[in-house]
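One structure below.
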Amino acid sequence: MVSRPGRMQSAFTAGELGEYLFDRTQLKYFSTGLQHAENVAIIPQGGFRVRDGLRHVGDLPANASKILPFHASTGAAYDLVFSGEVCQIWTASAITATIVIPGLSPVVDEMTEAQQSDTMLLFHENLRSKRIRATDAGWVVDDLPFENIPNYDYGGDYTNGVPARWRLEFVGLEAFTSIFVVTVSGQETKALTYVATMPDLADAIRAAVEELANVSPGIEVTSPSDKVIEILFTGDGNEGDGWAVSGRVINKADAAITASKRVPGVMPGEPVMSPTRGWPQCGVFWQQRLLVGGLRSLPNAWLMSLQGDYFNYDLRFTEANGPAIIPMDKAGGERIERMVASLNLLIFTTQAEYWIAERALSKVEAPNHVQASRNGIKRGVPVIENEGAAIWCHANGSTIGELRYTDVEGNFVAIDTSLLASHLLEDVVDQASRRSSASMDGNLQAIIRKDGQARLVTLLREQEVTAYSRFSADGLFKATARNARNELSFVIENAGTRSLQRLEPGLLLDEAIDIVSGAPTTVVPGLARFNGRQVWVIGDRDVFGPYVVTGGAITLPIAVTKTTVGTWRPPIVSTLSPPRDIGPNTVLKRKARIHTVHVSIVDTTSLAIGTNGGAMREVNLHRYGVLADVGELDQGVTGEIKITGLRGYAVAPFITISQLRPGRLNVRSITVETAL
């Protein structure tokens, strides 16, 4: 066997790849992929670093299961943590208020929200829609004040309809000589001769109008005064307000017929939203309207409010800015789950994704629902935004998709963003994304699975960066959200206790708490929450540990003033096996050994390496200028580290980069030398 030139990998922007891709050496993602990636953040420009640590914010009730961000008009940012019917409002470091929302417990994991200014609305088809408000007097919760909820005919025997009433006034017409026509919703009657006897004129108009194809028999035409006729649209088939009436004189230029609506018609039926018929599943603020959809009794319909009056759904407003109920022309069984404000209005259903072609909604023009894909959305998983695209979880619960408008297609196009790492996703229950927090970072997406595992995704789609990695901590992940401070918050459970934790840039530990003493001391108190658990300590820029906490305290070997105590899970990165191609369509399939590795690092304080899944070996950074009498975290190594003498033959050899103790880890590239 002979050595071969080293193979360098300086980009890891494909993240962890599924095992079915391990032999796809010609695939463009192979050269930027990893066999295993855990607790690292992929750097879009190339390389990777240890992920940010988790700051402990506070303890939560044992049933805490959802976080929603609340951005007040004052600029204040809050995390709303829901535990059954109890909602805790958290600031950056503490609870500022607690409110109770009756009826929320059974639906808290599936509810959706919409927020504008100081108001958040909560929706679920089995919950009377709620409103949470931040007021000068404190936090207030009440029922969403829907007004003039439209009726819908569900097939019952209803008597609550109101017929439309129109008035015609005849000005300047002469009896037996003036000829006129009446137009009803675009249909024109036969020519009629005006007569001075108003009852006779009313009978003639009634007969002519009932002859129209769009009018059913049963209307009432009366004359309340001279030269005035009123038409009342009574009778089966004439319900509602879908009428427009006008008159026109045919043979007399100086005569006219004026028409006016006296009473708007109201369809008979039941309110589409009620304790009996249920409530909306989702809502969104759009163009100064509140749109709600996924009604329990009409799952494929949505309503829009009066423009400028968010809670008014009075269908008697007939102008373009009026309210309307919009049924989607889709097959039965398709329910609206989410409505999202994007470049266009997006509607996610249980079976497909749609966008509304018209930017401006109008009562007088039916919106055009354009289907973008047929994947459906999983109930309870929010839709998040990344670089102008909507990211959602497919109805199967195991695929993450991206919906983005493209000028090339002239359509919203759906892309499967988790295809290369599909093995990492199963039964997704929550997700959130954080915008890039530094010039070297990409956007960061956090994904929570039902089994408590979490995933991190580095996203920079314009540069084709979609890097999936595993996210592990000392506990199970239950929920996540990004607040207005651009912080990713998590509900994490450990031994039945749940806590609120946030990713903090530069932090090296999880569940981290700071303890400051007035004078240097070796005893670190106040650690009762860690009793019986293993922790690490960063004290005055040195790393100590691990320690098992007993009696709520630990003792350090030296006295320190400021300490950060927390749990720790190491970063683990395993490379793909080097390609074994030795010619066109020819590969070498015998055991090989990686004997030398060159790791290019930046400002790194802790590094370990192993081969083929074996034991990890600490790299002695003191050989590269690290001083023993300077704080461990005050000095980092930058340059190329050469590790030789690695052992172990394997059919598919690989190396693993990790750490045996907390510290900074920034890797630019990895070069392996192999004996074949």
I'd like to know whether V141 forms a side-chain contact (heavy atoms from CB on, under 4.5 Å) with V100, so could you lay out the CA-CA distance, the side-chain angles of the two residues, the decisive distance to 0.1 Å, and finally the verdict. CA-CA 8 Å; V141 60; V100 177; over 6 Å; no
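- A donor and an acceptor atom, one from each side chain of S305 and N312, are nowhere located under 3.5 Å apart.
- Side-chain atoms of Q431 and Q445 include a donor-acceptor pair closer than 3.5 Å.
- A donor-acceptor pair under 3.5 Å is absent between the side-chain atoms of S342 and the main chain of L345, judged by distance alone.
- Side-chain N/O atoms of R470 and N39 include no donor and acceptor closer than 3.5 Å.
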Walk me through it: do T399 and L425 pass the test side-chain contact (heavy atoms from CB on, under 4.5 Å)? CA-CA 7 Å; T399 305; L425 299 179; over 6 Å; no
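- Neither side chain, T98 nor Q88, offers a donor N or O lying under 3.5 Å from an acceptor on the other.
- In this structure, a donor-acceptor pair under 3.5 Å is absent between the side chains of E319 and N321.
- At distances below 3.5 Å, at least one donor-acceptor pair connects side-chain atoms of R449 with backbone N or O atoms of L424.
- Between the D510 side chain and the L54 main chain, a donor and an acceptor come within less than 3.5 Å of each other.
- Taking a cutoff of 4.0 Å between a charged side-chain nitrogen and a carboxylate oxygen, R131 and D142 qualify as a salt bridge.
- Using a 4.5 Å heavy-atom cutoff, the side chains of L121 and L290 are in contact.
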Steps toward side-chain hydrogen bond (donor to acceptor under 3.5 Å, both in side chains) verdict (S373, E353): CA-CA 5 Å; S373 63; E353 294 72 50; 2.3 Å; yes
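- Side-chain contact, Y158 with E270: a donor N or O sits under 3.5 Å from an acceptor N or O.
- R296 and Q281 share no side-chain donor-acceptor pair at under 3.5 Å.
- Scored by the side-chain contact (heavy atoms from CB on, under 4.5 Å) test, D157 finds no partners at all (sequence neighbours excluded).
- For the residue pair N494/T497, the side-chain donor-acceptor check at 3.5 Å is not satisfied.
- Note that R289 lies outside the cation-pi zone of Y310, set by a 6.0 Å cut-off to the ring centre and a 45° limit from the axis.
- Under a 4.0 Å N-O distance rule, the pair R533/D474 qualifies as a salt bridge.
- When only modelled atom types and interatomic distance are considered, R502 and S489 share a side-chain donor-acceptor pair under 3.5 Å.
- For residues 476-499, the ring pair (Phe, Tyr, Trp, His ring centres under 6.0 Å) pairs, not counting sequence neighbours, are F471-F477, F471-F490, F477-F490.
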What side-chain donor-acceptor pairs closer than 3.5 Å can you find for residues 411-419, not counting sequence neighbours?
unit_1	atom_1	unit_2	atom_2	d
N411	OD1	W355	NE1	2.5
D416	OD1	S418	N	3.0
D416	OD1	S418	OG	3.2
D416	OD1	L419	N	3.3
T417	OG1	I400	O	3.1
S418	OG	I400	N	3.0

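- Ring pair Y78/W90: centre-to-centre distance not below 6.0 Å.
- Between the side chains of E334 and T350, no donor-acceptor pair is found at a separation under 3.5 Å.
- Considering V57, T564, L527 as possible partners of I513, the one that fulfils the side-chain contact (heavy atoms from CB on, under 4.5 Å) test is L527.
- In terms of heavy-atom proximity, P264 sits nearest to D241 at CA-OD1, 3.4 Å.
- Contacts of D430 classified as side-chain hydrogen bond (donor to acceptor under 3.5 Å, both in side chains), with partners at least two apart in sequence or in another chain: none.
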Could you give the side-chain donor-acceptor pairs of residues 380-390 under 3.5 Å, partners two or more places apart or in another chain?
unit_1	atom_1	unit_2	atom_2	d
E385	OE2	E387	N	3.2
E385	OE2	G388	N	2.6
N386	OD1	N443	ND2	2.7
E387	OE2	R461	N	2.8

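- If you take OG on S433 and CG on L488, they are separated by 7.5 Å, rounding to the nearest 0.5 Å.
- Judged as a ring pair (Phe, Tyr, Trp, His ring centres under 6.0 Å), not a single pair has a partner in residues 114-138 (not counting sequence neighbours).
- Results of the side-chain hydrogen bond (donor to acceptor under 3.5 Å, both in side chains) test with R55 over Q501, E511, E504, E487 single out E504 as the only residue that passes.
- The pair E38-R455 does not count as a salt bridge, with every side-chain nitrogen at least 4.0 angstrom from each carboxylate oxygen.
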